[in-house]
Novice: 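Before anything else, here's the structure in question.
When a ligand or atom number is given, it counts from 1 through the structure's own listing order. What you see is a predicted model; the values in this text were computed from it and never measured.
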Amino acid sequence: MSKKKMPVKKLVKKPKIEKAKPRVEVKNEGGNGNKKTYNLLRGMHDVLPKDEKYWKAFYHSAENLAEHFQFGRLETPLLEEASLFIRSIGKGTDVVDKEMYIFEDRDANKVTLRPENTASVVRAYIMHGMWNMTQPIKMWYWGPMFRYDRPQAGRFREFHQAGFETIGDADPVQDAELILLAHNFYKDLGLPVEIHINSIGMPEERQKYKTALVEYYRSKRSYLCDDCKQRLNKNPLRLLDCKQERCQPIKDEAPQIIAWLEEDSKNHFTKVLEYLDEVEVPYVLRPSLVRGLDYYTRTVFEIYTVLAEGELPGSQSALGGGGRYDLLVEEMGGKPTPAAGFSLGIERSVTALKQYMDAKQVKFAVTDLDAFIAQLGDQARRRALKTINELRASGLKVSYNFSKNSLKGQLEAANSLQVPYALILGQKEVQDGTIIIRDMESGVQEIVDQKKVEHILKKKLSRFDGNGKKE
Ligand code: HAM
């Protein structure tokens, strides 16, 4: 009797789909107790009006620098082909292996929310034939990036970057200009920073160095943390990034990449440092700095707040980072084109600035208010509205608060907005065709003709420098 073969049930292991756990990281204070309220997704955050001034200050700093250093604004989509980032950032990096928001769209294209923007800038450079234009092409951007990171202090799943990229010039002066720009971005707002800098050479130099590094670390394998044991096989340069205490003495004794650099790379690095000395940008040579993305060649740098006394370097995370990436344009299908750039994390920058000053002390040019109009009574309110409109049309920035009736309350509001002048309109002023101009700092008041208020105010404001200080 022939035995009928029983069909073998194929055991297909279903991927374990973890149910999304809503995490309450910010206390939800608004519910009425009857209906479900919503929280943010893990690692996401709102930017609240109370922080607007810090965000604006950084935006203006970036915009100002872009104007002075002649970078044109480039806006790229938040969603791009996933392979754009896999190819440029590189397999084996944390960003590609663990942190990309990858999914299929309705046409089964593999797409990703951009984890960074350099790859997109390079894509745009190639796609729009920018190599045909006068080089270098200097571009800047500002916007959200997404990384499925483990949320912790200074680490979000959606965060913002301001970035600057110079494509088409290999001269070390370009590296120095970018570093100067990153430094000024903070200096303009009064936040002291220092640059940590290193050179990781070209791939052939790095390959030789990696061999030496692996050989050195293999001999110490049993003393390493679990992560480093993995890095040893997967991405040996990342061994130098380890923050575990047990690995520090091993790291301190590790061979340094500088010793593996050939003449050209060494010269390039020396020149970058000479330029930085010239413009007096403070830097720290950090031989263990290798960065977490694969596309870098030669110069790499990161920006840190200057440490307070007693603060340990390990406890800080970088405000920003960047470097040269001379091979990326070609790697992404363009002509061989040298390039360099950096990006600054805005959330981390805002946190750092908050440690140095409260919102009132944040000063920046361009959008500070010029005056506040306070009014008393119906007629005055109507006249105030007209005056606001006229002053706005003349280019002045005027605020008001019609929901406060008392003069005291309105002047308090003016004070908290830090306007240099308040304009006061009461019944008497409306009848007389006058208005009171109050210097908010000294409290001195003068009565002027309403028709002349624009002219007088502009004259007074011209005594202010761009930072709102009297000259
Ligand atoms: P990156 O070092 O990966 O470089 O990121 C730059 C900055 O973005 C970091 O220093 C940090 O301030 C901020 N950042 C990164 N990840 C997070 C996160 N999960 N949460 C909050 N902030 C974060 C780049 O992205 C390169 N594209 C820089 C570059 C431009 N290189 C050449 N050109």
Novice: Show which atoms of ligand 1 fall inside a sub-4.0 Å distance from at least one heavy-atom site of Asp149.
Specialist: 19 (N)
Novice: Which atoms of ligand 1 are found less than 4.0 Å from any heavy atom of Gly341?
Specialist: 30 (C), 31 (N), 32 (C), 33 (N)
Novice: Just heavy atoms, cut-off under 4.0 Å: does Glu165 contact ligand 1 by side chain, backbone, both, or neither?
Specialist: side chain
Novice: Compare Arg348, Arg291, Met145, Glu99 and give the one whose heavy atom is closest to atom 1 (P) of ligand 1.
Specialist: Arg291
Novice: If you have a sec, work out which protein heavy atom is nearest atom 12 (O) of ligand 1 and how many Å separate them, to one decimal?
Specialist: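 Residue, atom and distance for the closest contact: Leu319 O, 2.8 Å.
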Novice: Applying a heavy-atom cut-off of 4.0 Å, say which part of Tyr295 lies close to ligand 1: side chain, backbone, both or neither.
Specialist: side chain
Novice: Quick test: of every protein heavy atom, which one is nearest to atom 5 (O) of ligand 1, and how far off is it to 0.1 Å?
Specialist: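 It is Gln161 NE2, 3.2 Å.
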Novice: Partners of His268 by ring pair (Phe, Tyr, Trp, His ring centres under 6.0 Å), sequence neighbours excluded?
Specialist: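 For His268, no residue satisfies ring pair (Phe, Tyr, Trp, His ring centres under 6.0 Å) once neighbours in sequence are set aside.
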Novice: Before signing off on this row, confirm whether Arg147 and ligand 1 have an N or O atom pair separated by under 3.5 Å.
Specialist: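 Checking ligand 1 against Arg147, an N or O pair does fall under 3.5 Å apart.
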Novice: Can you tell me how the ring of Trp142 sits relative to the ring of Tyr59, calling it parallel under 30°, perpendicular over 60° and tilted otherwise?
Specialist: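 Plane angle over 60°, so perpendicular.
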Novice: So which of Glu165, Glu177, Glu67 actually passes salt bridge (charged side-chain N to carboxylate O under 4.0 Å, His left out) with Lys138?
Specialist: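 Only one of Glu165, Glu177, Glu67 forms a salt bridge (charged side-chain N to carboxylate O under 4.0 Å, His left out) with Lys138, namely Glu177.
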Novice: Do Glu205 and Lys210 meet the salt-bridge criterion of a basic N to acidic O distance under 4.0 Å?
Specialist: no
Novice: Which one of Ala318, Gly322, Gly345, Gly154 has a non-hydrogen atom at the shortest distance from atom 21 (C) of ligand 1?
Specialist: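 Heavy atom nearest to atom 21 (C) of ligand 1 belongs to Gly154.
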Novice: May I ask you to check if ligand 1 and Phe342 share an N or O to N or O distance below 3.5 Å?
Specialist: yes
Novice: Measure from NZ or CZ of Lys187 to the centre of the six-membered ring of Phe185, then state whether that distance is under 6.0 Å and the direction lies within 45° of the axis.
Specialist: no
Novice: Phe342 and Phe164: aromatic ring centres closer than 6.0 Å?
Specialist: yes
Novice: Please confirm whether Gly320 approaches ligand 1 to less than 4.0 Å, judged on its heavy atoms.
Specialist: yes
Novice: Is Asp51 paired with Lys354 through a side-chain N to carboxylate O contact shorter than 4.0 Å?
Specialist: yes
Novice: Indicate the atoms forming the closest heavy-atom contact of Pro255 with Tyr209, along with that distance.
Specialist: O-OH, 2.8 Å
Novice: What do you reckon, does Tyr325 have a nitrogen or oxygen under 3.5 Å from a nitrogen or oxygen of ligand 1?
Specialist: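 There is no such contact.
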Novice: On a heavy-atom basis, I'd like to know which of Phe164, Phe159, Phe156 is closest to atom 22 (N) of ligand 1.
Specialist: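 Considering heavy atoms of Phe164, Phe159, Phe156, the nearest to atom 22 (N) of ligand 1 sits in Phe159.
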Novice: Determine, step by step, whether Glu80 and Arg123 satisfy the salt bridge (Lys or Arg N to Asp or Glu O under 4.0 Å) criterion, reporting the C-alpha distance in whole Å, the side-chain angles of both residues, the deciding distance to 0.1 Å, and the verdict.
Specialist: CA-CA 10 Å; Glu80 297 251 21; Arg123 179 204 38 75; 2.8 Å; yes
Novice: Would you mind checking if Glu99 and Arg157 are paired as a salt bridge, meaning a charged N to carboxylate O distance below 4.0 Å?
Specialist: no
Novice: Heavy atom under 4.0 Å from ligand 1: found in Leu293's side chain, backbone, both, or neither?
Specialist: side chain
Novice: Any N or O of Leu344 that comes nearer than 3.5 Å to an N or O of ligand 1?
Specialist: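 No: no nitrogen or oxygen of Leu344 is under 3.5 Å from one in ligand 1.
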Novice: How far is atom 28 (C) of ligand 1 from its nearest protein heavy atom, and which residue and atom name does that atom have?
Specialist: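 For atom 28 (C) of ligand 1, the nearest protein heavy atom comes out as Ser343 OG, 3.0 Å.
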Novice: Closest non-hydrogen protein atom to atom 31 (N) of ligand 1, residue and atom name please, with distance?
Specialist: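 In this structure, atom 31 (N) of ligand 1 has Tyr296 OH, 2.6 Å as its nearest protein heavy atom.
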Novice: Contact between ligand 1 and Arg155 is defined here as a heavy atom of the residue under 4.0 Å from a ligand atom; is it met?
Specialist: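 The answer is yes: ligand 1 sits under 4.0 Å from a heavy atom of Arg155.
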Novice: Looking at non-hydrogen atoms alone, which of Arg324, Glu116, His45 comes nearest to atom 27 (N) of ligand 1?
Specialist: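 Selected option, by shortest heavy-atom distance: Glu116.
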Novice: For Tyr325, enumerate each residue passing the ring pair (Phe, Tyr, Trp, His ring centres under 6.0 Å) test, keeping only those at least two apart in sequence or located in another chain.
Specialist: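 Per chain and number, Tyr325 pairs via ring pair (Phe, Tyr, Trp, His ring centres under 6.0 Å) with Tyr295.
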Novice: Which word best sums up how the rings of His160 and His45 line up, parallel for under 30°, tilted for 30 to 60°, or perpendicular for over 60°?
Specialist: perpendicular
